[in-house]
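A short write-up of the structure that comes next.
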Amino acid sequence: MRLSLAAISVCSLLAACAAETGPKTAPAPAPDAGAQAVEADRLEADVRFLADDLLEGREAGTRGYDLAALYVAERYRALGLEPAGDDGTYFQSVPMRSFASAMENGGTLTLTGAGAPTSLEAGADYIAGRGAGAAKGMVEAPVVFVGYGFVSEKHNRDDYAGLDVEGKIVAYFYGAPKFLNTEERAHFNTVRSQTASQRGAIGVITLMTPSLAKVISYDQIREITAHQTYMSWLEPSGDPFTLSPNLEGNAFLSPSGAEKLFAKAPVKWAELEAAAEEEQGDVTGFPLDVTARIAYEYKTEDAVSPNVIGVLPGTDPALKDEYIVLTGHLDHEGIKPTPEEDDDEIYNGAMDNATGIASMLEVARLLKADPPKRPVMFVALTAEEKGLVGSDYLARNPVVGKDMIAANVNLDMPIMTYDFTDIVAFGAERSTLGPVVEAAVERAGLKLTPDAQPDEGFFTRSDQYSFVKQGVPSLFLRPNFANGGEAAQREFREKHYHQPSDEAGLIDYRMLARFSQVNYEIARGIADMSERPRWNKGDFFGETFKGAMAE
């Protein structure tokens, strides 16, 4: 699972078995009559191998990840899945380039001009970094403030109206206006830099809002980005893939840095902050009498890391071209050295996301025993932790025709530490997957409940979003907050999320069996649908990405 919504967007801007502690294994709950039986021992065996120190945290592009990929491929082979990768193998090779900063705080930001502050301190006032894909570079241009940089024909809004940003560096607020649905707000936040590039900007400066500061502090953002390695998949030309080709540099300002930037502006910074917090967030932009210079240098390394793909053919020849794609990311954070010799430096990623992979493998076993009508593709994805890299590559370079991917169900870090009784299926209500999912959850003896954390925008934060952007009806499955779930999920996130302590002993494998049972019911229900899945009429994501099956 990637970092919090705030941390994700900020970072993307700046380019032997586990200890025997925790819940003991218990028998899987009895399935409904007619359903296949989940085996908790199989799930535990998969998780314990994938989260073992031998695999060194499974960071994409490393030996540890390659061992994990080989393990999953051989599990596919044992299950009888057909290989669907390159050259008759289970591996779709993803060429990638990693970027690790060679400069303290990522780079430098210098401001000049009549409206420029007298001083700007690296780290305390800003973090600076790369643009579209260069390892080393510099960009210098006048700065234009564009509010949120929000553009929507549907909402008759263009924050760039009347502003010339061609060849300029734009400064904009993090996020999007509050009147938007939370998932739509998260979407618009992810495309801000793309919009800036389309308008001709050559750099961006991101400004914190008070709302963002309540979720994550600037100091936390700085700490995260200081140790972040970024990855991009490579085009056949060898260039990193990007949707923002014009952008040559970026910076992120602290509240103190923003105050300095706007100290001599025609509108006071406090007034701009207040306007951004209003429901409409309609903040009028203006040119700043400031020129910004952003310089950066990164150490790069090229690698090839595979998505692992196996296929179970369907039983209905008429539906052979409608693939249901089940996904989960296989990678995690790898090894992060610490100053103390005795500290655990391996980020094993048992919950995140060995649980998802183990559940997907168990669903493959159950479906193989009684294949559904449509073919089902099982994919263990690489480099999710680096920015949904493996899923984006697969969605844009599918191993079958793009119009042959009918739906995606994604699993990412289901928190299996409590006796959960309800499920949330992010995105299911947006398409004809919804009723099928609801019926499947009921068959599994659980309840389908709404998103308990709508402000987090989970639908756009994991690998399903890569398929959504290609017009594919998709959903993301995880347990919800009933029966102590809120406290249990909070505890995991505060103590173990993206920490070395995310180990196999934390997991209640009886709960993982329960989760896998509902995952199986959903996968079977979708694969046996009488009609191909479609976006609901008028749905935002169906319309935005022009889904082939949007009504």
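Note that these values count all heavy atoms, side chains included, but never hydrogens, waters or copies made by symmetry.
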Check this for me: does any side-chain nitrogen of one of [X] and [Y] sit under 4.0 Å from a carboxylate oxygen of the other?
| X | Y | answer |
| --- | --- | --- |
| R478 | D412 | no |
| D158 | R199 | yes |
| R430 | E183 | yes |

Can you tell me if [atom1] on [X] sees more than 12 non-hydrogen neighbours from other groups inside 6.0 Å?
| X | atom1 | answer |
| --- | --- | --- |
| R157 | CZ | yes |
| K402 | NZ | yes |
| E153 | CD | no |
| R396 | CZ | yes |

Within the 4.5 Å heavy-atom criterion, are [X] and [Y] side-chain neighbours or not?
| X | Y | value |
| --- | --- | --- |
| I221 | F252 | yes |
| T417 | I507 | no |
| D502 | F492 | yes |
| L330 | L50 | yes |
| L288 | K264 | no |
| I405 | P398 | yes |
| V472 | W535 | no |

Spacing of [atom1] belonging to [X] relative to [atom2] belonging to [Y], to within rounding of 0.5 Å:
| X | Y | atom1 | atom2 | result |
| --- | --- | --- | --- | --- |
| F188 | F540 | CZ | CZ | 4.0 Å |
| L261 | S254 | CG | OG | 11.0 Å |
| T110 | E140 | OG1 | CD | 8.5 Å |
| Y174 | L253 | OH | CG | 15.5 Å |
| W233 | S391 | CH2 | OG | 11.5 Å |
| M231 | S98 | CE | OG | 5.0 Å |

Say whether [X] and [Y], considering side chains only, have a donor N or O and an acceptor N or O under 3.5 Å apart.
| X | Y | value |
| --- | --- | --- |
| H498 | E385 | yes |
| T242 | S244 | no |
| S237 | D239 | yes |
| T449 | N480 | yes |
| T327 | N410 | yes |

Could you report the tightest heavy-atom contact between [X] and [Y], atom names first, then the distance?
| X | Y | result |
| --- | --- | --- |
| S119 | K260 | O-CD, 3.4 Å |
| M96 | S305 | CE-CB, 3.2 Å |
| L475 | Q464 | O-CB, 4.0 Å |

Ring center gap for H155 and F179 short of 6.0 angstrom: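 Distance test on ring centres: under 6.0 Å, yes.
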Check whether the ring centres of H187 and F459 lie less than 6.0 Å apart, and answer yes or no.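 H187 vs F459: aromatic centres not under 6.0 Å.
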Does NZ or CZ of K136 lie under 6.0 Å from the centre of the six-membered ring of Y296, at an angle within 45° of the ring axis?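 No, cation not above the ring by the 6.0 Å, 45° rule.
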Cation-pi check, R130 to F99: give yes when NZ or CZ is under 6.0 Å from the six-membered ring centre and within 45° of the ring axis, no otherwise.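 Yes, R130 and F99 form such a contact.
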Any chance you could lay out the side chain to side chain contact (heavy atoms under 4.5 Å, CB included) test for Y172 and I205, step after step, and finish with the verdict? CA-CA 6 Å; Y172 48 40; I205 297 174; over 6 Å; no
Got a donor-acceptor contact below 3.5 angstrom from the E491 side chain to the E486 backbone?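 Not a single qualifying donor-acceptor pair exists.
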Do any N or O atoms from the side chain of E333 and from the backbone of I346 form a donor-acceptor pair under 3.5 angstrom?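 Judged by distance alone, no pair lies under 3.5 Å.
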Take D331 and R58 through the test salt bridge (Lys or Arg N to Asp or Glu O under 4.0 Å) and record every step on the way to the result. CA-CA 5 Å; D331 68 307; R58 307 189 311 272; over 6 Å; no
For Y418 and Q489, run side chain to side chain contact (heavy atoms under 4.5 Å, CB included): C-alpha distance rounded to whole Å, both residues' side-chain angles, the deciding distance at 0.1 Å, then the answer. CA-CA 9 Å; Y418 66 103; Q489 293 197 29; 3.1 Å; yes
Given R97 and S232, is the side chain to side chain contact (heavy atoms under 4.5 Å, CB included) satisfied, shown in steps? CA-CA 6 Å; R97 181 166 298 152; S232 299; 5.6 Å; no
Decide yes or no on side chain to side chain contact (heavy atoms under 4.5 Å, CB included) for F545 and V468, but give the supporting numbers first. CA-CA 7 Å; F545 296 112; V468 170; 4.0 Å; yes
Which residues satisfy the ring-ring contact (aromatic ring centres under 6.0 Å, His included) test with Y465, sequence neighbours excluded?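 Expected list: none.
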Residues which pass ring-ring contact (aromatic ring centres under 6.0 Å, His included) with F173, listed by chain and number, not counting sequence neighbours: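 Checked F173 against ring-ring contact (aromatic ring centres under 6.0 Å, His included); matches are F145, Y148, W269.
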